[in-house]
Amino acid sequence: MNSEHETHHVHYGLIFATLCLLTGLSIISDVVHIESKTLVVVIVMAIAVAKASFVALFFMHLKFERNWKYVLLGPTTILAIGLPLALLPDISIHYYRIDIPQTQVTAQAEAGSTPAHSEGSHHEGSHHE
Amino acid sequence: MSHASPQPAVKMGLAIPNSKLGMWLFLGTEIMFFTAFIGSYIVLRIGSPGWPTDPADTHINVFFGGFNTFVLLTSSFLVVSAHEAMRHEKYAKARKLILATLLLGVLFLGIKGIEYYGKISHDLLPSHVAETDQQAMNKALAEIEAIVVDRYDALVPKGNNIDDKRTNLTTMIGKADEAAKPPLEALSALDTQFRSLKSHVKADVALEMPLTLRPVVLLTGSGRTITGTVDDAKQADPGTLLITTTGGKTERVPLANVKERRAGTPLPTLSFETFKSHLEEMRENESYGPLLAGVHHPHPVLYGNLFVSIYFLLTGFHALHVIIGLILFAIVLSLGDRLDGSWIDYIENCGLYWHFVDLVWIFLFPLLYIV
């Protein structure tokens, strides 16, 4: 059965060209040496959000749908953001020293000495980027 | 009694087809599915004290990923154009566009396959990645051991365990004729090298030093302190101790004169670099070198296992969703000429699903390849 389509004329080719341009920009921001890693992450994630918006709003026609889109996507968004936020304090933030072979090796490399398997100086477990 | 024209029945529900609502509800669950994995990745990465980012370690190629992004974006554009064609009742055009979308999806999977092959050939698999130098050495030793045991099973059928087989191999070499000797001798040589390497790694002694060497400090009855090394293999006379002093002289000390014997400073330890170069020398050996083809080059990657686990989880589930999308397109294409207006909702819903797959990739690409 043919559903009603409002005659919103979306120029799909234009959206596609914009998406390609944005993809090119994110590849360039990886290839070009940018000092601050944080800046690269911010640029690249902002481009990703922009591309996702274009695909969702125009290709998936969400811009022209009615209010049911909020009812549907609201809970999913809440869970999508909420679950990682809930896990963040337990998994990401360390309140204790991490003592595993990997951190021992890193500590020894920074102290600049002794063999890989012996006990070296310990680092404070901290919130790393 | 005249009736006014009947009121139209109150319309329940949304002004979209049930199938479209169903697809959107499904996509809502899929969003939660993928954000669970992506959220876990973000949380684990922030929480990890480090992360492998060097392409020499991760074998991540941003150009492959970028090209795949273009492929999926183009396929999204083509599928939305197919829907437009369906709306304008241009069914042949719609079929062509759906076919093109399917082919681009296959191209995406092909490039993903090439990337996966690169990872697998470097043994970058979850729980296979050595993270420290010591782990890398142990892993190489385990791989060589597997090859040695395999060869023993193939060439020396007699014997219940490896030690029996070792004895039997010596006998076999003694009795074999010239033509049959080379593989047996190759195995014997490889086994000797392997056991020496393994003992050195276990004792953490430099490869150049014999394992029987023991650093000692002797205190004699006359009050003299002698520092040097004692080679257990060269002690022929039980009444004396043959010691090579640190100055290089060899001295024979009667045991009766030794008041105290202490362990000296430990021997030079095994370095990872010498281990790797020794492994390369073994590979170049003419007789048993080819046997070592299955041993991966030791390349420890700190936090590599976590990275590779997440990489395969995210891209694997995404690839699975791409395959499902291709099946949906194949169903439509199997209609051939019978594609008509009744399928427009199906095409729209396929398009929605495919756009979602593209959306997930739009986030996966920067998160895995760039960040």
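Reminder, nothing fancy here: chain letters follow the sequence lines and each chain counts from 1. Bear in mind the structure is a predicted one, so any value in this text is a computation, not a measurement.
Once rounded to the nearest 0.5 Å, the distance linking NE2 of A:H94 with CD1 of B:I46 reads 10.5 Å. Atom CD of A:Q102 and atom CD of B:Q135 lie 6.5 Å apart (nearest 0.5 Å). Here A:F59 contributes atom CZ and B:H83 contributes atom NE2; the two are 13.5 Å apart, rounded to the nearest 0.5 Å. Atoms CE and OG, on A:M60 and B:S76 in that order, are 8.5 Å from each other to the nearest 0.5 Å. Atoms CG and CH2, on B:L25 and A:W68 in that order, are 9.0 Å from each other to the nearest 0.5 Å. Considering OG of A:S92 and CD1 of B:I42, their distance stands at 9.5 Å, rounded to 0.5 Å.
In terms of heavy-atom proximity, A:G24 sits nearest to B:F70 at N-CZ, 4.2 Å. The two residues A:I27 and B:G66 make their nearest non-hydrogen contact at CD1-CA, 3.6 Å. The two atoms that bring A:T76 and B:G28 nearest to each other are CG2-O, 3.3 Å, heavy atoms only. The shortest non-hydrogen separation linking B:G39 to A:P84 is CA-CG, 3.6 Å. Nearest heavy atom pair, residue B:I370 against residue A:K37, reads O-NZ, 4.0 Å. When every heavy atom of B:F365 is checked against every heavy atom of A:S26, the shortest pair comes out as CE2-OG, 4.0 Å.
The part of B:F63 that comes within reach of chain A is its side chain, from C-beta onward, which places non-hydrogen atoms under 4.5 angstrom from that chain. For a residue to count as touching a neighbouring chain, one of its non-hydrogen atoms must lie under 4.5 Å from one of that chain's; by this rule A:I78 does not touch chain B. The contact between A:L88 and chain B is made by backbone and side chain atoms together, counting heavy-atom distances below 4.5 Å. Both the backbone and the side chain of A:L19 come within contact range of chain B, each with at least one heavy atom under 4.5 Å from a heavy atom of that chain. Proximity to chain A (any heavy atom under 4.5 Å) is shown, for B:T74, by both the backbone and the side chain.
Between chain B and the options A:V31, A:T77, A:L62, the largest number of non-hydrogen pairs under 4.5 Å is found for A:L62. Of the residues considered (B:D358, B:I31, B:L352), B:L352 shows the highest number of contacts with chain A, using heavy-atom pairs under 4.5 Å. Between chain A and the options B:V371, B:I362, B:V62, B:L302, the largest number of non-hydrogen pairs under 4.5 Å is found for B:I362. Heavy-atom pairs under 4.5 Å with chain B were tallied for A:V41, A:L72, A:L83; the largest tally goes to A:L72. Ranked by heavy-atom pairs under 4.5 Å with chain B, the first of A:V44, A:V40, A:I81, A:I15 is A:V44.
Residue-environment remark: CG (B:D340) exceeds the threshold of 12 foreign heavy atoms within 6.0 Å. More than 12 non-hydrogen atoms from other residues, nucleotides or ligands lie less than 6.0 angstrom from NZ of A:K69. Around the CZ atom of B:F67, the shell of radius 6.0 Å holds no more than 12 heavy atoms that belong to other residues, nucleotides or ligands. Residue B:K198 places its NZ atom among 12 or fewer non-hydrogen atoms of other residues, nucleotides or ligands, all under 6.0 Å distant. The local environment of OH in A:Y70 is sparse, with at most 12 non-hydrogen atoms from other residues, nucleotides or ligands closer than 6.0 Å.
Two residues are said to be in side-chain contact when any heavy atoms from C-beta on lie closer than 4.5 Å; B:I16 and A:R66 fail this criterion. Counting heavy atoms from C-beta on, the side chains of B:T69 and A:K51 come closer than 4.5 Å. Using a 4.5 Å cut-off on side-chain heavy atoms (C-beta onward), B:L73 and A:F16 make contact. The shortest distance between side-chain heavy atoms of A:V105 and B:Q134 does not fall below 4.5 Å.
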